[in-house]
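Each remark here refers to the structure printed beneath this line.
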There are 2 protein chains.
Amino acid sequence: MATMVDVAKLAGVSTSTVSHVVNGTRHVEEETRQRVLKAIEETSYRQDVLARAMRRSRTDTIGLIVSDAGEPAFAEMVRGVEQTAARHGVTLLLANSAEDPEREARAVRTLLERRVDGLILARAAGSTSEALAALGQQDTPVVLMDRMSDLPFDQAGIENAQPTNDLVQHFASQGHRRLLLVAGDIRVSTLRERLESFGEAATAAGLSSLEQLTITAADPKVIEAEIEAALDRREPPTAVIACGTVLAAIALRTLQRRGLRMPDDIAFATFDGFAYSDLFEPRLTTVRQPAFDVGVTAAELLARRLADKSVEPTTVRLMPTIEYRRSSGESPEPNA
Amino acid sequence: MATMVDVAKLAGVSTSTVSHVVNGTRHVEEETRQRVLKAIEETSYRQDVLARAMRRSRTDTIGLIVSDAGEPAFAEMVRGVEQTAARHGVTLLLANSAEDPEREARAVRTLLERRVDGLILARAAGSTSEALAALGQQDTPVVLMDRMSDLPFDQAGIENAQPTNDLVQHFASQGHRRLLLVAGDIRVSTLRERLESFGEAATAAGLSSLEQLTITAADPKVIEAEIEAALDRREPPTAVIACGTVLAAIALRTLQRRGLRMPDDIAFATFDGFAYSDLFEPRLTTVRQPAFDVGVTAAELLARRLADKSVEPTTVRLMPTIEYRRSSGESPEPNA
DNA sequence: CTGAAAGCGCTTACAG
DNA sequence: CTGAAAGCGCTTACAG
């Protein structure tokens, strides 16, 4: 590989000049410039970004760690971050924590070691807030995505209260009196928020606490058992809300196994939903988050902080939309 | 950030010694070692991997570019590569081409610029073999994953002839005489191989060429139109094989729209299949590839070449398994 | 408008 | 068993 020295020699200039031509960092006489460009061509010189990064102590690289790149919502967020990073001329290093706090910690370490200029993090469910606080101490900027925290970070996520409330209203207005919320692992902020909003909304809709069933286990086996138990009650729920894709899958399997048909035997709605969801029979009422824009927002927040470390930590929440389908019964909008 | 010089001063040794303690590259008197370790502790020194990489001109990093990280099969391959890379003490840089040759080219450039020691590539459909040939010229090792080439690369993928043949046999033995293969974009090697095997297998099963319908368009709209046209024939196909997830989705939508029930109105099988596929009604007969192991194999091939650049390029093909479900009619195995 | 030179933080022959 | 020093390929004040 040719280096700057080779180019400089061939063009008969100093490496300073080559550097400035390559980076456009100071004026160079047009004729000289052409000579340098030609020498670059001839030597097929390529800038060594590692050496450059080391000298400048910035890498023009940001890191993104997601808890599950396979889920459609996260895949979309990744796309949003990718696109925004590209627009800012920054390369993205991607990592997967697979919802494992240890892998997450390892990924953080690796990315910081590789001197990313900043980090976007969708935390694993079990990730401790001590770990997060520690992250906040070091000086690489961190933006939280999807999963929020009370700590003073830049954050991009979604609004949970309103869609939860809308779903509860939707069911209550159809006369449903006993609702089951499958909330899952409420260490995850989004799930916790949906759980809280559910209680408020259901109470506001006039449901007694006995009529508000909730499942907050983290283990799929336990969740499944609790759904079974709920359905075995003398007065079982008539509508189910799943707070995420995995939870929806568990719930749907259980309903299917029991031969319960949606929406007649039981009404159903879910957050996030499935890829190729139009193939499901019946189609599922789904709270669709603007995942791409969440990714864009996270990346923009990071770009802003990279430009000015002193700005106030900001939390941005985007509003999901609800796609009403047949699984939840009659639609409140002409939208089926 | 503390540097090696800080540590060396504090421990009263040279930076050589610090370096050798950190990397375990030569024996250091135990007492000295302890002093260095203590100094590292006290200064909370962390090795600068960039400086190290630059000096050694290797980064202990490999790059992985996939065409669609969202598809379950690719997600699994990524996991396989990740795990294997971790076992080899190598960090993985991930990139997405989203089936776009230009993004792929950009990702390749970025990763090579960041001096990855090697590259694993699941090529985008439209990626030219000139681009690939050029890649083969430079000296960073490249392993092809899933999508193969005739060029002399290390490659890890799957066997396509046998599962295709098995599916054709499966349908023929049930008396199906007119089969439709939705092959999709046959610039993709896996799809092309399935198409070729289909012809051979169908002919071997005694089907005339008129009874072998194939769709080789790349554009979803065109594929859909051609499926419609096939179903509109006087003698429409009685069984459909989709060669990938996206193709399956298009086909299933069309069948659904026409109210065709599987397997009675039309039999159906697909390669790769869907996430949460157990929620589909009826369950889909699926050629399941050992995607995780494909990832592992690709990473191992790369590790081998990194260790010895002179080994012969090797192609490894792993055998998929077929999960026979209700969508394709009666099962040839006691396999649900 | 351009160049000489220091230095980013490491590794590694070389020498003792 | 350890150290002095060169050098990886750049960038960037400083000087002219």
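- Ser57(B) comes within contact range of no nucleotide atom at all, as no heavy-atom separation falls under 4.0 Å.
- Residues Ser67(A) and Ser97(A) bring no donor and acceptor atom of their side chains to less than 3.5 Å of each other.
- Among dG9(C), dA4(D), dC1(D), the nucleotide with an atom closest to any side-chain atom of Ser14(B) is dA4(D).
- With contacts defined as side-chain heavy-atom distances shorter than 4.5 Å, the pair Asp48(A)/Thr3(A) does not qualify.
- The base of dT11(D) lies outside donor-acceptor range of the side chain of Thr25(A), with no N or O pair under 3.5 Å.
- Positionally, the nearest nucleotide of DNA chain D for Arg26(B) lies more toward the 5' end than for the other of Arg26(B) and Arg26(A).
- Side-chain atoms of Ser19(A) do not come within 3.5 Å of backbone N or O of Thr15(A) as any donor-acceptor pair.
- Comparing dC10(C), dT2(C), dC10(D) by their closest approach to the side chain of Arg52(A) singles out dC10(D).
- In this entry dA4(C) has no Watson-Crick or G-U wobble partner, no candidate having both defining distances under 3.5 Å.
- The residue Val28(A) sits close only to the backbone: its heavy atoms come under 4.0 Å of sugar-phosphate atoms, none of a base.
- Comparing Arg33(B) and Arg56(B) by the nucleotide of DNA chain D that holds the closest heavy atom to each, the one mapping nearer the 5' end is Arg33(B).
- Contact annotation: Thr15(A) does not reach the phosphate of dT11(D) (side-chain N/O to OP1 or OP2, under 4.0 Å).
- When heavy atoms are screened at a 4.0 angstrom cut-off, Arg46(A) is found touching the sugar-phosphate backbone but no base atom.
- For dA4(C), the base has a donor-acceptor partner in the side chain of Ser16(A) [N/O atoms by modelled type, under 3.5 angstrom].
- Taking 4.0 angstrom as the limit, Thr3(B) places none of its side-chain polar atoms (N or O) nearer than this to OP1 or OP2 of dG9(C).
- Nucleotide dA13(D) has no partner under the Watson-Crick or G-U criteria, as no pair reaches both atom distances under 3.5 Å.
- Look at Thr17(A) and you won't find any side-chain N or O under 4.0 angstrom from OP1 or OP2 of dT2(C).
- Looking at Arg55(B), its side chain has no donor and acceptor atom pair within 3.5 Å of the base of dG9(C).
- As judged by a 4.0 angstrom heavy-atom cut-off over every strand, Val5(B) is placed among residues making no nucleic acid contact.
- With no hydrogens or angles considered, no side-chain donor-acceptor pair links Ser127(B) and Arg147(B) at under 3.5 Å.
- Nearest-nucleotide positions on DNA chain C for Val13(A) and Arg115(A) put Val13(A) closer to the 5' end.
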